[in-house]
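Reading through the structure tokens given below for one structure.
For reference, positions follow the sequence shown, starting with 1. Note: hydrogens, waters and symmetry copies are ignored here, and every other heavy atom, side chains too, is used.
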Amino acid sequence: MESIRAAHNLTIELYPTSWRLVNGTLDPADPSRLAALFEASAQGITCSPAFTQARQLPAEQLTPAEISRVVVGWAPESNNWHLGILLAARPNSGPQVRWCGLASWPSGESADHMVQAKLAGQSLARIIDRPFHLIPAAAQPINPLGDTQSLQPTQRLDVPEIEVETPTAAEIPDISVKEPPFEFENWEFSATPKGYVWQLRGKSLVMIGGRVLTFTVITVLFFVLGVGTRSRGLAAVNPDWLPNLGLAVGVLMALLAIYNLGRFLMISDIVIDVNQHEVRHQGRFTRQVAWRIPFDRIQYLVLSQSAATATGRKGKDQPMRIAQEAWLHVYDSEVFRPVVSLGHVEGISVQWDVVRVLQKMQGRRHLHLAHYDTPAHHAALVMGRVVDKPVWLDIR
């Protein structure tokens, strides 16, 4: 099985003899697999009741003969690809064909998701043995009905206006985003007069400062003993090379003290400045800015994490407690900028049975708090809300 990620939390599953469109909901008849919104094979097409109603399809069961063709088209208005089918004209609906949208991909450059959209469309057309038509990203309008049929101005195919909805999205519980502060192993995310800031926690600062002080004291001690023994004869030493060893250890301790002092002075914060509308990596003490990204240059945020592991439930009807490692990045159209490495993060999962299946699938997906309700996921959504950009979840 090969899977293709689409927008709106949809996934297309490609099999040798079937084609399935799923959105992460488990199949009640077979909990080991996801329920299909739209499933096609050579024998016919089966749609879920919610999908049939949302698309106003004539029936939940369709035959390949009822499909005129499979179409993949570029929508210049929204800068993304759309996949759908043209339903053949029916005797009681006149000579008009009808468009039924199946999936779309995130907005971007035309080359971003063209291969995935084309593969999904060609696979569906092959499975149901119907013609496939590609509407490329072209300046001139292309007739999707074929070269032998004219496309009148009043008969335009509104592919760009098709919005793919998730008919069963209501089944995902709506969990409100919590407001900071949030504390992690080494970091904390809090509100400030300028906006929000990611900072190393006080215990981390104390730990680094303590190392500087400890190594400095040891350096002074070894230098006093080493130099004093050699020059002032503070004590008889046997063997006589021990003072030299003490001086060498003192030099090593001095280097470690300098290294940790540099770490302390170079401690940086990630500032989300709502006044200047930018995210910047700024030294806490030096105030030196390593990089800054205006809000309008940010494309999206990515919360990468290891696959969550279950740690048990407090009660039979309680959510599953989970744990994972997490990292947060922002993408500025050129490179991914690391924001924080959060380390071990704990929380709960309201839909753990769904999460166990989704974690086996590669690729990015929308972040749902019903799947991962942890401080890291709340903090990522708060930051995404402030910069007004989407937040994607990536399972490593």
Side-chain angles (χ1 to χ4, degrees), residues 9 24-26 31 171-192 195-208 267-272 279 300-331 336-387 389-396:
N9 202 33
T25 304
L26 294 178
E171 298 180 8
I172 301 178
D174 185 16
I175 298 177
S176 300
V177 178
K178 298 177 182 177
E179 294 299 321
F182 302 113
E183 290 188 348
F184 305 91
E185 284 186 332
N186 298 315
W187 290 87
E188 61 182 6
F189 182 61
S190 57
T192 69
Y196 296 86
V197 63
W198 287 97
Q199 290 183 318
L200 278 176
R201 294 180 60 184
K203 69 174 186 178
S204 299
L205 297 179
V206 172
M207 186 179 300
I208 298 175
I267 288 174
S268 299
D269 301 332
I270 302 296
V271 181
I272 300 96
V279 177
Y300 51 81
L301 286 74
V302 177
L303 181 65
S304 302
Q305 68 169 69
S306 60
T309 57
T311 60
R313 303 178 190 267
K314 292 184 177 180
K316 186 176 296 185
D317 298 329
Q318 297 299 311
M320 178 66 72
R321 290 177 294 180
I322 58 174
Q324 57 270 302
E325 303 283 324
W327 305 263
L328 183 62
H329 295 75
V330 294
Y331 182 62
F336 285 95
R337 300 285 186 181
V339 178
V340 286
S341 177
L342 297 175
H344 183 79
V345 178
E346 296 183 350
I348 62 173
S349 175
V350 177
Q351 293 187 319
W352 175 243
D353 291 338
V354 175
V355 170
R356 285 193 303 174
V357 176
L358 291 177
Q359 288 189 150
K360 298 177 182 179
M361 301 179 181
Q362 298 296 321
R364 294 174 189 161
R365 58 179 67 95
H366 288 284
L367 193 162
H368 293 296
L369 292 176
H371 296 167
Y372 303 96
D373 187 353
T374 80
H377 298 79
H378 282 274
L381 289 174
V382 170
M383 185 171 172
R385 181 190 66 199
V386 174
V387 302
K389 292 298 185 293
V391 181
W392 295 95
L393 180 69
D394 182 34
I395 306 296
R396 293 189 177 184

Would you say Arg365 and Asn9 make side-chain contact, with heavy atoms under 4.5 Å? yes
Euclidean distance, Leu303 CG relative to His377 NE2, rounded to 0.5 Å: 5.0 Å
OG1 on Thr192 to CG on Asp269, rounded to 0.5 Å: 10.0 Å
For the backbone of Arg321 and the side chain of Thr311, can you confirm whether one donor and one acceptor N or O come within less than 3.5 Å of each other? yes
Suppose we screen for side chain to side chain donor-acceptor pair (under 3.5 Å). Which residues come up paired with Glu188, at least two apart in sequence or across chains? none
Less than 4.5 Å apart, any side-chain heavy atom of Asp394 and any of Gln305? no
If you define the side chain from C-beta out and look only at heavy atoms, does anything of Trp187 sit under 4.5 Å from Leu200? yes
Report yes if some heavy atom in the side chain of Phe184 is under 4.5 Å from a heavy atom in the side chain of Pro375; otherwise report no. yes
Polar side-chain atom of Ser349 near backbone of Tyr372 as donor-acceptor pair, under 3.5 Å: no
Stepwise, does the side chain to side chain contact (heavy atoms under 4.5 Å, CB included) test hold for His378 with Asp373? CA-CA 7 Å; His378 282 274; Asp373 187 353; 2.6 Å; yes
Which atom names give the shortest non-hydrogen contact between Ser306 and Trp327, and what distance separates them? N-CZ3, 3.8 Å
Does a side-chain heavy-atom distance below 4.5 Å link Val382 with Phe189? yes
With side chains defined as the heavy atoms from C-beta onward, is the minimum distance between Ile322 and Trp352 less than 4.5 Å? yes
Applying salt bridge (Lys or Arg N to Asp or Glu O under 4.0 Å), name anything that partners Asp174, two or more places apart in sequence or on another chain. none
Treating Arg385 as the side-chain partner and Val177 as the backbone partner, does any N or O pair qualify as donor plus acceptor under 3.5 Å? no
When you measure from the side chain of Glu346 to the backbone of Thr374, do you find a donor-acceptor pair of N or O atoms at a distance under 3.5 Å? no
Starting at CD1 of Ile348, measure out to NZ of Lys314 and round the result to the nearest 0.5 Å. 8.5 Å
Met383 side chain near Val391 side chain, heavy-atom distance below 4.5 Å: no
For the residue pair Pro180 and Tyr196, what are the closest heavy atoms and their distance? CG-CE2, 3.5 Å
Run the numbers on Val330 and Lys389 for side chain to side chain contact (heavy atoms under 4.5 Å, CB included), then give the verdict. CA-CA 10 Å; Val330 294; Lys389 292 298 185 293; over 6 Å; no
Rounded to the nearest 0.5 Å, how far does NE2 of His344 lie from CG of Asn186? 13.0 Å
One should read off an interatomic distance between Ser190 OG and Arg201 CZ, to the nearest 0.5 angstrom, of 11.5 Å
Checking side-chain contact (heavy atoms from CB on, under 4.5 Å) against Val279, which of Leu301, Val271, Ile270 comes through? Ile270
Between His368 and Gln351, is any pair of side-chain heavy atoms under 4.5 Å apart? no
Closest contact, heavy atoms only, Gln324 versus Ala308: OE1-CB, 3.1 Å
